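For clarity, every value in this text was computed on a predicted model and none was experimentally measured. All values below were derived from every heavy atom in this structure, side-chain atoms included, with hydrogens, water molecules and symmetry-related copies excluded.
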Amino acid sequence: MLSTVNGIIYLLGNPQSHEILKVLLPRVGHLILDSALSSRAAVMDLLLLIRDIRSFQFNKVVDLDVLLSTLANDHSQVAQKITRLLIPSYFPSKVSIEEACNRCVTLIKRSPMAGARFCEFAMLEGASPKSLMELVRVLISLVLSNEKLHADQIEGLLIAAASLCNNLASEPCYKNALKEFFTGGKVKCLFAVASNGHAQPSVLNICSAVSPDDVAGLVEECMSLVTNCRGLPKDVEMQAKVRSAHRLLLSCGAFDEMFDSLTGLLQKAAYHCHVKFGIEIPKQRISPGKRKKCKSSVKISAKRKHVGGRNPTTFEDDYSITVGIACQIKDLVVSEDSREAILGSQALELSFVALKVISEVSIEHCISCEYMDTSPVLAYSGLALHMSLQNISISTNDYGSKKSEGTESSILETVMDQTVDHLLNCIDKLLREVNIGETQADTSISNGDGSISTKERSMSNKVKMLTAVLKLIVDSIAMGLLSCIHGRCLNFTSAYLKHIIFALEHQSSEKLQFKEDELKDIFLCLKSSFSYAAKLLNLILCDTSETSPLLQEAFDLVNDMLDLITSIELHLGSVFAAGLVASAKSWLPDLILALGYLCMLKDTQVASTYITALDCIKAGYPSWPIILAKTELHEIREANVEEVDDIFSKPEEEEFCVFKKFMETIVSLLKGKFKILDAIGVILLTGSVVGLERKDFGVVLGLLHFVCVKLVGEEDREWNELDMMLDFLPDIYHQIERGIEEQSDENARQKLCSARMLLDHVWFYHIHETGRFSAI
């Protein structure tokens, strides 16, 4: 499409093409709605070109209504070009300023959002600041007039005025003129008129840009807005208002008072957590005067004593305000100016400790109280992250309620170390209680206040909490803020994935019915968690050296990740499994290396780790090798239906096609990389030994078929480059022979004979050709 438009632009350079292009151009106008940004931008270049050719009319190529809709909703790159196209019509420089303003008002009344975007780019497209200053006066006067306007028109006028003020305020002379214009109670009147959508945030944005003198009443409104924040996470309109309120409070020097008010509400909620759940509130050593408090440029009314509005009547009401405050703090630490204000606040430590207590309750009671939310945890971890980056410490006497086993407080040097340690303690408690609770047959859980939390809903809460903690861990390690508890972080991630696998099995056996939105939320979290787990492996692999070898826990984690793929495909279906595998593809080299790394240590000074890895496979045998064996048996049966009919008396129901393709992708990556292929082969051969010990001869045959036919294949049939696999071969070959002699069941003997046949070539080659093995 892009080349088509560019070709037309080239042809327009030849005047002889114009007559035929007049007919053809309307047929390409639909490309303004193309999914590719480059194509839409190219169409705009085409329209700008034909605008200056007298024999063409751009609105006959693309209808004006379509242009306005695109202007209102499209990317800024396209919207700015549409503004350039329309500015001669709707804000021309060749007419009087009054006429230009009237035309712009006409545009805003016709399409409010398109008109607002037009004003956003007008200065960039050459409109003079003087004329735009007059346009601001016209727009504000129109909003304050008695003219009957629709709510969406008022919204468009105010958004347009806010954009213009923001652009003009960069020049001191126009900022002073705007400051003088917004006097006499105009701001308060505007806020009263603005009643919906982005209208009120636009008024606040005007005040933030212009800093008028008489904003005391508006500051009161902002304080009320940020403290009465129930339902904030799900209310997009409220979020826009709150962000605008933050900007205004920051610009007029009232941010400290706002943060103090929010901290007071958090402390109140923390105290209620202590009363209701018995959570210990850490003692604090408060040192006065950490920094001089900035004086606000406006006076806050002394009447505003109860910043939270009405007193919450229940813990849930109290908690819902806390969630709204946590959402605000999470956003505030992202912006540089507000983050600096928070990190320099005297209330920082108080708010952080309150969030610690609330986060502990949120995690430990996310199953029994379905209104528990991840926002406090995200705010708590966000503060910890930025405090660690700025080397800000906490002076509590007892930071965490408990120290983890084997964790010395002296090695937890940073706020981030302490925060992760605390969160992992909470997760440990949650998973212990959940594992006990999952054994109950009832599909509902009592909240303790008479309401009922379904297991479907509680699982969604639980997965969100675990994902939030895992993300914090990965981000912290990536930033170099967490170094002393890598093993514990890997253990947590493994425990998380194991718990999800167990929960999926439990859900399947109880036939729980998830709502579509709940299942979607859970899967999105699982998909993110899988990526975080893979990134965690990547970070730890990058930190591995001869003096600091890969931890055993990394091997366990990659096995759990492979188990999760098979569990998702078994219990949720191939569509969900394919989504999980898609998120894993970019991390495949890390998964492969983590899986085989310990086996590659056989020839190094840490040879004992090699034995430990094999013992680990036998002790905590993962499920994915069994599933892999099943897919191979299914393939053998499909290829040789008549020959193997006696061996497979019962057909395998599950084909696991997604996992099968995933393993084939791994094989393709291993081709020619003999050292790591050798290590992966040993893992699978060990799985065959476990199958022999368990008398599961289908697993033995399936895994050996995968190793010999797919993993090694024809590339190295004699295993000449695979020393570890060759070292392993005599043990498994002799065990298979003994099994054949001892088995009386014909089907079992057939499977073992088929397994031995797969190894015969390499076995006899090294007996007769290399002499590596003895026939005795």
Side-chain angles (χ1 to χ4, degrees), residues 555 558-559 562-563 565-566 569-570 591-592 595-596 598-599 613-640 644 647-648 652 654-657 659-668 670 676-713 715-717 719 722 724-740 743 747-763:
F555 176 78
V558 74
N559 278 286
L562 295 176
D563 281 353
I565 295 174
T566 61
E569 185 163 15
L570 177 62
L591 300 185
I592 294 169
L595 186 62
L598 292 179
C599 288
L614 301 185
D615 290 341
C616 177
I617 297 170
K618 294 179 181 180
Y621 194 53
S623 64
W624 67 267
I626 298 172
I627 302 302
L628 178 61
K630 284 185 178 181
T631 64
E632 293 300 303
L633 294 178
H634 180 84
E635 190 173 304
I636 295 169
R637 186 181 67 251
E638 290 295 312
N640 308 283
V644 300
I647 301 178
F648 303 100
E652 302 290 340
E654 303 294 342
E655 295 183 34
F656 292 93
C657 56
F659 182 66
K660 179 180 176 182
K661 289 178 182 176
F662 179 72
M663 292 304 297
E664 288 171 354
T665 304
I666 288 178
V667 169
S668 66
L670 288 172
I676 184 66
L677 187 151
D678 195 12
I680 300 299
V682 169
I683 300 294
L684 295 171
L685 290 178
T686 305
S688 299
V689 171
V690 176
L692 285 167
E693 293 174 355
R694 296 181 177 185
K695 309 295 184 187
D696 191 343
F697 303 125
V699 167
V700 178
L701 175 57
L703 289 179
L704 288 179
H705 184 270
F706 181 83
V707 169
C708 297
V709 177
K710 293 182 178 176
L711 186 64
V712 180
E715 192 172 341
D716 186 14
R717 289 186 65 202
W719 300 9
L722 309 174
M724 287 188 292
M725 289 174 62
L726 282 175
D727 289 344
F728 210 88
L729 182 59
D731 181 45
I732 190 170
Y733 194 87
H734 291 314
Q735 285 194 54
I736 290 173
E737 285 192 319
R738 285 196 300 272
I740 293 171
Q743 279 299 320
N747 283 341
R749 292 184 75 257
Q750 288 265 1
K751 289 177 183 177
L752 288 172
C753 287
S754 297
R756 184 179 62 181
M757 286 176 61
L758 290 167
L759 299 174
D760 277 345
H761 175 80
V762 65
W763 176 251

Nearest-0.5 Å distance, CD1 of residue Ile732 to OG1 of residue Thr686: 8.0 Å

Point-to-point distance, once rounded to the nearest 0.5 Å, from CD1 of Ile740 to NZ of Lys751: 14.0 Å

Heavy-atom donor-acceptor pair, Asp563 side chain to Trp624 backbone, under 3.5 Å: yes

Close side-chain approach of Leu692 to Val699, heavy-atom, < 4.5 Å: no

Side chain to side chain, Val707 and Ile680, heavy atoms closer than 4.5 Å: no

Separation between NZ of Lys660 and OG1 of Thr665, rounded to the nearest 0.5 Å: 12.5 Å

Nearest non-hydrogen partners of Ala629 and Gly698, listed with the distance: CB-O, 4.2 Å

Closest approach of Ile676 to Gly596 (non-hydrogen atoms, all atoms of both residues): CD1-CA, 4.0 Å

Point-to-point distance, once rounded to the nearest 0.5 Å, from CG of Leu758 to SG of Cys753: 11.5 Å

Side-chain heavy-atom pair Phe706, Pro625 within 4.5 angstrom cut-off: no

Expected output: side-chain Asn559 to main-chain Phe555 donor-acceptor under 3.5 Å: yes

Side-chain donor/acceptor of Asp678 to backbone N/O of Met725, under 3.5 Å: yes

Test item: Gln735 side-chain N/O and Val689 main-chain N/O as donor-acceptor pair under 3.5 Å: no

Criterion side chain to side chain contact (heavy atoms under 4.5 Å, CB included) on Phe697 and Ser754, from CA distance to verdict: CA-CA 10 Å; Phe697 303 125; Ser754 297; over 6 Å; no

Validation row: Ser623, Thr566 side chains within 4.5 angstrom (heavy atoms): yes

Residue pair Leu752 / Gln743, side-chain heavy-atom distance below 4.5 Å: yes

Point-to-point distance, once rounded to the nearest 0.5 Å, from CH2 of Trp719 to CE of Met724: 12.0 Å

For Glu737, all residues meeting side-chain contact (heavy atoms from CB on, under 4.5 Å), sequence neighbours excluded: Tyr733, His734, Arg756

side-chain contact (heavy atoms from CB on, under 4.5 Å) partners of Ala755, counting only residues at least two apart: Val700, Leu701, Leu704, Ile736

Gap separating the CZ atom of Phe662 from the CZ atom of Phe656, nearest 0.5 angstrom: 14.5 Å

Lys710: salt bridge (Lys or Arg N to Asp or Glu O under 4.0 Å) partners, not counting sequence neighbours: Glu632, Glu635, Glu664

Full working for side chain to side chain contact (heavy atoms under 4.5 Å, CB included) between Cys657 and Glu569: CA-CA 9 Å; Cys657 56; Glu569 185 163 15; 3.9 Å; yes

